[in-house]
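These notes are about the structure you will find just below.
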Amino acid sequence: MTFTENESGVGLLIRRRGSPIGYLLREAESRVSPETLREWISQEFGPKILEEAILEELTPPVRNAAPPTLTVAICTHARADVLARCLASLAPLQSLPNFEILVVDNAPPDATIAELVSKHPGVRYTTEPRPGLDFARNRAWQEARGEWVAYLDDDTTVDAQWFEGLVEGWRENPDAAAITGLVLPGELSTRAQILFEKRGGFRRGFDTRRFGSTLPGNALHPAGAGIFGTGCNMAFRKDVLRDLGGFDEALDTGRPLPGGGDLDMFFRVIAAGHVLVYEPHCLVFHEHRKTEAALRHQYYTWGLGLMAYVGKHLRPGEPRRELFERLTRWWFRDMLRQLKDAVRGRHPLPISMVLAELWGGAVGLCGEYRRSQRRIEKIKAAHP
């Protein structure tokens, strides 16, 4: 492996029999030999490879039941270029039985997305005139023909085995109400993208995890919903979405509050007594922010969205208010610890990005959910 002038390291996805088992991110200034790669992989993933081999021998085969019907929903707004790439990655799956792709065009400014989808036979198209991601997500499950709805962001592409991973999650957990998956970078071409991955990116590990009403050793469960997955790669039983009343439209509203809706739904699924499964085999690749300014803003919105979600559940009368109070105290203590590490040069992010996330959280906690509710009422009034 050699590097061009602008390259200085390796981002390597480790697979075993096609399934992802690890991710290696290493700096290097010159050619990396096969021997060096072998040494890196052995050091980092030797025990994991052995563990996977033993599990394969000991685990009985899962009953080959037919998977449920599936709608893959892509909610988009004025991003035809990335949407085209996402649809291309899904094209090999279109021949599957009981499988459909649905594009939800959110508050379209023109017909560009409609024209793009018309060039993809078999892909359904609908619009949601009310601007806001959770308006579009709710439109998706209401329009979906499948028993399950899988949500993908338009700036993702699916791995060749993404659907097999989803099926694996279904067959091993027939009682699951939600499945989330692994998210890895589609490219690492800028410093901002590398910084994001050094901080952990969207990764939630390479082990399948099954979440229920309790999680021993975690006093914040299930309010600390970030451990369950991320909104750019998640799937739900449609009847569960319907029974829960869909996504909270006052979260993930777009530019004013671009976050919180996925966390809130993960929490509500668990709080209602359902099972959520994280399956890393269900893998997508995401186009990370390319500039440091964009990444800094993303961290701000992460803090904002998290604390807007928390603020919703801190309202008087909320049944788990005390749990969310504990989460709030823990988060601010942790962010202050991270800020101290950044000041000392011991954090993967620069100080400005840690401060941005901390400031976003402070703004979010100070009434952002209520402000968003007022904005949403105006949107609903404008689109009766």
Side-chain angles (χ1 to χ4, degrees), residues 6-13 23-27 75-79 81-83 85-86 133 152-157 180-205 225-227 229-234 251-263 283-309 331-332 334-365 368:
N6 295 323
E7 295 175 328
S8 59
V10 174
L12 192 64
L13 172 61
Y23 188 69
L24 186 69
L25 193 65
R26 289 285 185 94
E27 294 182 3
C75 302
T76 190
H77 172 76
R79 301 211 301 180
D81 51 344
V82 293
L83 175 62
R85 189 176 58 210
C86 182
L133 178 55
L152 297 174
D153 280 7
D154 57 7
D155 56 0
T156 63
T157 56
T180 62
L182 177 62
V183 180
L184 290 177
E187 64 176 13
L188 290 173
S189 61
T190 71
R191 182 171 182 266
Q193 292 171 330
I194 294 168
L195 282 173
F196 185 63
E197 279 303 307
K198 283 185 174 181
R199 201 327 177 57
F202 289 116
R203 283 172 279 142
R204 299 297 183 269
I227 65 172
T230 185
C232 65
N233 184 20
M234 59 183 183
L251 297 168
D252 264 316
T253 60
R255 185 171 294 275
L257 178 56
D262 52 352
L263 301 176
L283 166 66
V284 305
F285 300 96
H286 178 262
E287 184 181 289
H288 294 344
R289 305 296 193 275
K290 292 187 177 183
T291 69
E292 292 182 46
L295 181 59
R296 188 179 305 110
H297 181 69
Q298 176 178 322
Y299 280 123
Y300 169 80
T301 62
W302 273 20
L304 182 71
L306 171 64
M307 283 300 151
Y309 148 69
W331 188 83
F332 278 101
D334 185 68
M335 287 304 304
L336 290 173
R337 178 192 58 79
Q338 291 190 52
L339 181 59
K340 185 185 297 183
D341 288 345
V343 170
R344 294 174 176 175
R346 299 174 184 172
H347 196 282
L349 295 179
I351 297 171
S352 63
M353 293 186 186
V354 180
L355 277 172
E357 188 170 3
L358 180 58
W359 178 243
V363 174
L365 190 62
E368 182 59 27

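Since we're looking at a predicted model, the values are computed, not measured. Residue numbers count from 1 along this sequence.
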Hey, are the side chains of Arg289 and Tyr299 touching, using non-hydrogen atoms and a 4.5 Å cut-off? no
Please work out which of the three classes, parallel, tilted or perpendicular, describes the rings of Phe196 and Phe202, given edges at 30° and 60°. perpendicular
Within the distance-only criterion (no hydrogens, no angle test), does the side chain of Thr301 pair as donor or acceptor with the backbone N or O of Pro258 below 3.5 angstrom? no
Residues two or more places apart in sequence or in another chain: which of them pass side-chain contact (heavy atoms from CB on, under 4.5 Å) with Arg79? Thr76, Asp81, Val82, Asp154, Asp155
Heavy-atom nearest pair, Ile227 first then Arg204, reads O-CD, 4.0 Å
So, taking the atom named CG in Leu349 and the one named CG in Asp341, what distance separates them when rounded to the nearest 0.5 Å? 11.0 Å
Answer yes if the side chains of Arg85 and Thr157 hold a donor-acceptor pair under 3.5 Å, and no otherwise. no
Pairing residues for Glu292 by the side-chain hydrogen bond (donor to acceptor under 3.5 Å, both in side chains) criterion, not counting sequence neighbours: Arg191
Side-chain contact, heavy-atom cut-off 4.5 Å: Leu336 with Leu358? yes
d(Lys198 NZ, Glu27 CD) to nearest 0.5 Å is 4.0 Å
Step by step, would you call Leu195 with Leu295 a side chain to side chain contact (heavy atoms under 4.5 Å, CB included)? CA-CA 9 Å; Leu195 282 173; Leu295 181 59; 4.2 Å; yes
Considering all heavy atoms of both residues, which atom of Thr156 and which atom of His286 are nearest to each other, and what is their separation? CG2-CD2, 3.9 Å
If you round to the nearest 0.5 Å, how far is CG of Leu182 from CZ of Phe285? 8.0 Å
Tell me, with the steps shown, if Leu257 and Leu251 meet side chain to side chain contact (heavy atoms under 4.5 Å, CB included). CA-CA 7 Å; Leu257 178 56; Leu251 297 168; 4.1 Å; yes
Once you round to the nearest 0.5 Å, how far does CG of Leu25 lie from CG of Leu184? 10.5 Å
Tell me, with the steps shown, if Leu306 and Leu263 meet side chain to side chain contact (heavy atoms under 4.5 Å, CB included). CA-CA 8 Å; Leu306 171 64; Leu263 301 176; 3.8 Å; yes
For Trp302 against Gly201, the heavy-atom pair lying closest together: CH2-O, 4.1 Å
Heavy-atom check, side chain of Leu133 versus side chain of Thr253, under 4.5 Å: no
In chain order, what residues pass the salt bridge (Lys or Arg N to Asp or Glu O under 4.0 Å) check against Arg199, with sequence neighbours excluded? Glu357
What distance do Ser189 atom OG and Ile194 atom CD1 have between them, rounded to the nearest 0.5 Å? 8.0 Å
Rounded to the nearest 0.5 angstrom, the CG-CZ distance for Leu339 and Arg344 is 10.5 Å
Take Thr230 and Thr180 through the side chain to side chain contact (heavy atoms under 4.5 Å, CB included) test and state the conclusion after the steps. CA-CA 7 Å; Thr230 185; Thr180 62; over 6 Å; no
So which of Gln193, Glu197, Glu187 actually passes side chain to side chain donor-acceptor pair (under 3.5 Å) with His288? Glu197
